[in-house]
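A short write-up of the structure that comes next.
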Amino acid sequence: MIWVVVIVVAIVVLLLLVLVGMFNKLVRLRNRAQNAWAQVDVQLRKRYDLIPNLVESVKGYAAHEQQTFEQVTQARTAAQQAQGVAQQAQAENALTAAIGRLFAVAEAYPQLRATENFQQLQAQLTEVEQQIAVSRQVYNDTVLSYANALQTVPTNVIAGIFNFRAREYFQADDGDRAAPQVSFAAPEAPTAPGTPASPEPPPPSS
C-alpha cells in the first residue's frame with residue numbers, strides 16, 4: 001500500500017514540476033517580448049529627439065513652409081502619445097511620411113543641404129532608422145516565439161489557465177520604414193517639345 005502512495009505522490013510531484021516548467025517558460029518569453037519592445041521604444045525616442053532640430057534647421061531656410069513643419073510636429077506628438085503596438089506602428093508610419101515631406105522641402109535649398117548641421121542630422125536620422133528596423137525585427141521574432149508557445153500544446157493550456165495574453169506585432173510599411181532618402185543631384189535639363197534629336201555623325205570616309 002505504501003508503494004502505491006509513493007508512486008502517486010511521485011507522479012503528482014512530476015506533474016507539478018512539468019507545470020511549473022511550462023509556466024516559467026511562458027513568463028520568460030513574455031518578459032523577453034516586453035524587453036524587446038522597450039528597446040524599440042528607446043530607438044523611437046532617439047528619433048523624436050532629432051526631429052525638432054531637423055525642423056529648425058530647415059525652417060531657417062524655408063520659413064514659409066509652415067504647413068510642412070506643423071505636420072511633422074503633429075505627427076511627432078501623435079507618435080509620442082500612441083497607446084499600444086498597433087497604434088504606435090500607425091503613428092510611426094505617419095511620422096515617417098511627414099519627415100519625407102520635410103526632406104523634400106530641403107531639397108530645394110542647396111545652401112541648407114551643404115551645411116554641416118543638416119548633414120549631421122540627416123546621418124543621425126539614417127542611423128536611428130536602421131536601429132529601429134533592427135529592434136523591430138528582434139521584437140517581432142520574440143513575439144513570434146511567445147505566440148507559438150501560447151498556441152501549441154501543452155503550454156497553451158497553462159497560458160489559458162493563467163491568462164497569458166498575446167502581444168501584437170510591430171507592423172511598419174516597408175516602403176515607409178526606411179530613412180527618407182532624397183536625391184540632391186541636379187536634374188537633367190528636359191528636352192523642349194519638338195526639338196529634333198542631335199544628328200548622328202557621318203561615317204568616316206573610306
Side-chain angles (χ1 to χ4, degrees), residues 1-52 72-100 123-181:
M1 183 65 181
I2 189 171
W3 289 107
V4 174
V5 174
V6 170
I7 293 173
V8 171
V9 171
I11 293 175
V12 171
V13 170
L14 181 60
L15 288 175
L16 287 175
L17 291 175
V18 171
L19 293 176
V20 169
M22 290 188 293
F23 177 84
N24 289 340
K25 176 184 178 180
L26 289 170
V27 171
R28 286 193 296 270
L29 290 173
R30 183 179 61 187
N31 290 345
R32 287 176 185 172
Q34 292 173 345
N35 180 68
W37 178 251
Q39 299 306 312
V40 173
D41 187 62
V42 167
Q43 302 305 326
L44 294 179
R45 291 182 184 278
K46 289 182 180 179
R47 190 189 197 205
Y48 303 150
D49 291 341
L50 284 173
I51 290 173
V72 174
T73 301
Q74 292 171 359
R76 175 179 180 267
T77 300
Q80 290 176 308
Q81 297 176 349
Q83 301 293 325
V85 176
Q87 186 179 357
Q88 187 76 60
Q90 183 178 4
E92 292 299 325
N93 291 333
L95 178 57
T96 299
I99 294 174
Q124 290 172 1
L125 180 63
T126 300
E127 181 181 358
V128 169
E129 292 290 355
Q130 292 171 348
Q131 292 172 347
I132 291 174
V134 172
S135 298
R136 169 177 167 252
Q137 185 62 52
V138 172
Y139 168 76
N140 285 338
D141 290 344
T142 306
V143 170
L144 176 61
S145 298
Y146 180 47
N148 288 338
L150 293 180
Q151 298 173 17
T152 55
V153 179
T155 48
N156 64 331
V157 177
I158 303 301
I161 294 175
F162 292 98
N163 200 29
F164 282 85
R165 299 291 184 182
R167 293 188 64 95
E168 296 176 296
Y169 292 96
F170 186 26
Q171 302 288 356
D173 295 339
D174 292 337
D176 292 339
R177 183 67 269 165
Q181 298 293 329

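Since the model is a prediction, treat every value here as computed from it, not as a measurement.
Q131 CD: more than 12 foreign heavy atoms inside a 6.0 Å radius.
How far CD1 of I161 is from CG of N156: 9.5 Å, rounded to the nearest 0.5 Å. With rounding to the nearest 0.5 angstrom, the CG atom of L44 is 11.0 Å from the CG atom of D49. Rounded to the nearest 0.5 Å, atoms CD1 (I158) and CG (N163) are 13.0 Å apart. Note that the CD1 atom of I132 and the OG1 atom of T96 stand 7.5 Å from one another [nearest 0.5 Å]. Annotation: the span from Y169 atom OH to L144 atom CG amounts to 4.0 Å, rounded to 0.5 Å.
Of the options I11, V12, I7, V5, a side-chain contact (heavy atoms from CB on, under 4.5 Å) to V9 is made by V5 and by none of the others.
The shortest heavy-atom contact between A33 and T142 is N-CG2, 3.4 Å. The two residues Q171 and N93 come nearest to each other via the heavy atoms O-ND2, 4.0 Å. Heavy atoms only, all atoms of each residue included: V143 and R167 are closest at CG1-O, 3.4 Å. Nearest heavy atoms, L29 versus S145: CD1-O, 3.9 Å. Of all heavy-atom pairs between A159 and L150, the closest is CB-CD2, 3.5 Å. A pairwise comparison of heavy atoms in T155 and K25 identifies CG2-CD, 4.4 Å as the closest pair.
One side chain, Q88 or E92, offers a donor N or O that lies under 3.5 Å from an acceptor on the other.
Panel note: side chain R47, backbone V128; no donor-acceptor pair is recorded below 3.5 Å.
Inter-residue side-chain proximity for K46 and L50 is flagged as unmet; no heavy-atom pair is nearer than 4.5 Å. Between R30 and V27 there is a side-chain heavy-atom pair separated by less than 4.5 Å.
Between Y139 and Y146, the distance separating the two ring centers is not shorter than 6.0 angstrom.
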ask   = After noting the C-alpha distance and the side-chain angles of L95 and Y48, does the key distance pass the side-chain contact (heavy atoms from CB on, under 4.5 Å) rule?
value = CA-CA 10 Å; L95 178 57; Y48 303 150; 3.8 Å; yes
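Between D41 and R45 there is a salt bridge, since a side-chain N of the basic residue sits under 4.0 Å from a carboxylate O of the acidic one.
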